[in-house]
Each structure stands twice: as C-alpha cells, then as structure tokens.
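Mind looking over this structure? Questions follow.
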Amino acid sequence: MLDRRSTLLAAAGFASLVAGPRVLVAAEYMSIDAAQRAAFPSADRFEEIALSLTAPQRQAVAAQAGPQPPHRSLRAWRATQKDALLGHVFVDEVIGREDFITYSSSIDVAGKLGPVEVLAYRESHGGEIRGAAWRDQFRGRDDLSGLRFGTDIKNIAGATLSCEHVTQGVRWILALWQVSLRAAASGAS
C-alpha cells in the first residue's frame, strides 16, 4: 500500500511540474496617443474631459447599456481640428476572465463608433480579440439595439469573457455618449 501511495504522490507531483504554473501574458500593444491618432488622424488636438454624470444620467446610461462588467477607469478626450469637434475617444478597462483589458473606442460627431483598439491585454487566453476582424465589428454602429454580444458582435472561442466584457463596455460608452455628450456633438456638426 505504501508503494502505491508513493507512486501516486510522485505522479501527482510530476503532473504539476509538467502542467506548470498558469502563465499570464501582459502586453502593452498601443499607447493612448496612438489610439487617439488611429481614431481621428486629422485631429490637431485631444483635450481630456471630465466625465461627471448626474444620478439620473447614470441611471439612464445603466438602463440603456444593460449589464456591465466591473470598470476600473474610464477616460475621455475631445478630438478637434481647428476647434471643430470631430468626436470623442474613450479609454476604458474591463475585466476579462481574471484581469483587466485596456481598450479604446471612439465616437464621431454623428454618433458612429470607430473600431475598438486593444491597448493592453493581461490574460493568458483570449488575446485573439486584438484581431482586426473582431475589432472592426464595432465600426459604424450607432444604435445600442445593433450592438449585442453574440448576435451583432460575434464571439471568439476561447475569448468569450473578453469579447463579452469589451462589448458591454462599448455599449456603456455609447450609452454615456448618447446621454451626456450627444448634444454638444450635435451642436458641433
């Protein structure tokens, strides 16, 4: 009996060595400045703005956007060219499976989304969301009813939570723009 137990313990120890620890891949792919330039190449200025919502605005955004993954931070910039508003660039972080994904999204003055850019990815799996085919699914969308995960925005096998949470984050950004920034953008166009 002792020999069998020793053999099983040795096998379990060997299996844990072969499997090894979980490898976390943390990579920075794009700076905020590069994301801004990718969204609005003709802009000559990016001015960071404070996003302060009233309680009714927060409720309206939540009602429109639906369920949200935990957000750590959200920053926004006005993109202008010769003082004319071109749109807004947003940088957000949502949890993937276990860690945060930093991404950017943009909305022009007509309310149309630009592609999503992945700035930093810190997960061991699911980095395929960096692919242009997945990110470009957001481009040109301007209606929350056409921005649903699994229906309008397709999943990538092995990156389900990353895809879902980034989509939820972009929905929140579009709803926030519609509730609090659309009027200023409409006056600029």
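Keep in mind that the numbers below use all heavy atoms, side chains included, and drop hydrogens, waters and symmetry copies. Please read these numbers as outputs of a predicted model, since none were measured by experiment.
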Legend entry - Shortest non-hydrogen contact between A76 and L51, atoms and distance: CB-CD1, 3.7 Å
Legend entry - Value rounded to 0.5 Å, distance of CD1 in I107 from CZ in F90: 4.5 Å
Legend entry - CG on L174 to CG on L147, rounded to 0.5 Å: 6.5 Å
Inset, instruction - Flag the pair L181 / I49 as yes when at least one side-chain heavy-atom distance between them is below 4.5 Å, and no otherwise. - result: yes
Legend entry - Cation-pi, Y29 ring and R130 (6.0 angstrom, 45 degrees): yes
Legend entry - Short side-chain to backbone donor-acceptor contact, N155 and G150, under 3.5 Å: no
Legend entry - Sidechain-backbone polar pair: R122 side chain, F100 backbone, donor-acceptor under 3.5 Å: yes
Inset, instruction - Would you kindly confirm whether W172 and L144 end up in one hydrophobic cluster when ILVMFWY residues are joined by side chain heavy atoms under 4.5 Å apart? - result: yes
Inset, instruction - Please examine the side chains of R78 and L85, heavy atoms only from C-beta on, and report whether any two atoms are closer than 4.5 Å. - result: yes
Legend entry - Side chains of L113 and D142 in contact at under 4.5 Å (non-hydrogen atoms): no
Inset, instruction - May I ask you to decide if R182's main-chain N or O and W177's side chain share a donor-acceptor pair within less than 3.5 Å? - result: no
Inset, instruction - Look at the side chain of R58 and the backbone N and O of L53, then say whether any donor-acceptor pair between them is shorter than 3.5 Å. - result: yes
Legend entry - Joint hydrophobic cluster, I156 plus I153, side-chain heavy atoms closer than 4.5 Å: yes
Legend entry - Short side-chain to backbone donor-acceptor contact, R148 and S145, under 3.5 Å: yes
Legend entry - Closest contact, heavy atoms only, D152 versus Q137: O-OE1, 3.6 Å
Legend entry - hydrophobic_cluster_shared for V118 and I32, side chain cutoff 4.5 Å: no
Inset, instruction - Determine whether F46 and T80 make a side-chain contact, defined as any pair of heavy atoms from C-beta on separated by less than 4.5 Å. - result: no
Inset, instruction - Output, in order, the C-alpha distance, side-chain angles, deciding distance and verdict of side chain to side chain contact (heavy atoms under 4.5 Å, CB included) for S105 and D92. - result: CA-CA 8 Å; S105 184; D92 190 17; over 6 Å; no
Legend entry - Shortest non-hydrogen contact from E128 toward A159: OE1-CB, 4.2 Å
Legend entry - Test item: R141 side-chain N/O and G146 main-chain N/O as donor-acceptor pair under 3.5 Å: yes
Inset, instruction - Consider only side-chain heavy atoms of I, L, V, M, F, W and Y, link residues closer than 4.5 Å, and tell whether F138 and V94 are in one cluster. - result: yes
Legend entry - H165 to G96 - nearest heavy-atom pair and separation: ND1-O, 3.2 Å
Inset, instruction - Find the distance between OG (S31) and CG (L119) and round it off to the nearest 0.5 Å. - result: 7.0 Å
Legend entry - side-chain hydrogen bond (donor to acceptor under 3.5 Å, both in side chains) evaluation trace for S180 with Q57: CA-CA 7 Å; S180 71; Q57 286 176 318; 5.2 Å; no
Inset, instruction - Give a yes or no on whether the backbone of W77 and the side-chain of H88 come within a donor-acceptor separation of less than 3.5 Å. - result: no
Legend entry - Close side-chain approach of I129 to R135, heavy-atom, < 4.5 Å: no
Inset, instruction - Of all the heavy-atom pairs spanning S106 and F40, show the shortest one and how long it is. - result: CB-CE1, 3.8 Å
Legend entry - E47 with R45: basic N within carboxylate O range, under 4.0 Å: yes
Inset, instruction - Find the distance between CD (Q168) and CD1 (I95) and round it off to the nearest 0.5 Å. - result: 12.5 Å
Inset, instruction - Could you give me the CA-CA distance, side-chain angles and deciding distance for V91 and L74, then say whether side chain to side chain contact (heavy atoms under 4.5 Å, CB included) is met? - result: CA-CA 6 Å; V91 173; L74 176 64; over 6 Å; no
Inset, instruction - Please round to the nearest 0.5 Å and tell me the distance separating atom CZ of F149 and atom OG1 of T160. - result: 5.5 Å
Inset, instruction - Could you tell me whether E117 and R37 have a side-chain N and a carboxylate O separated by less than 4.0 Å? - result: no
Legend entry - Taking every non-hydrogen atom, the tightest pair across P115 and R139: CG-NH2, 3.3 Å
Legend entry - Other residues, nucleotides, ligands: >12 heavy atoms within 6.0 Å of D83 CG: no
Legend entry - Reported OH-to-CD1 distance for the pair Y121 and I101, which is rounded to 0.5 angstrom: 4.5 Å
Inset, instruction - Give a yes or no on whether V166 and L161 share a hydrophobic cluster (residues Ile, Leu, Val, Met, Phe, Trp, Tyr; joining criterion: side-chain heavy atoms under 4.5 Å apart). - result: no
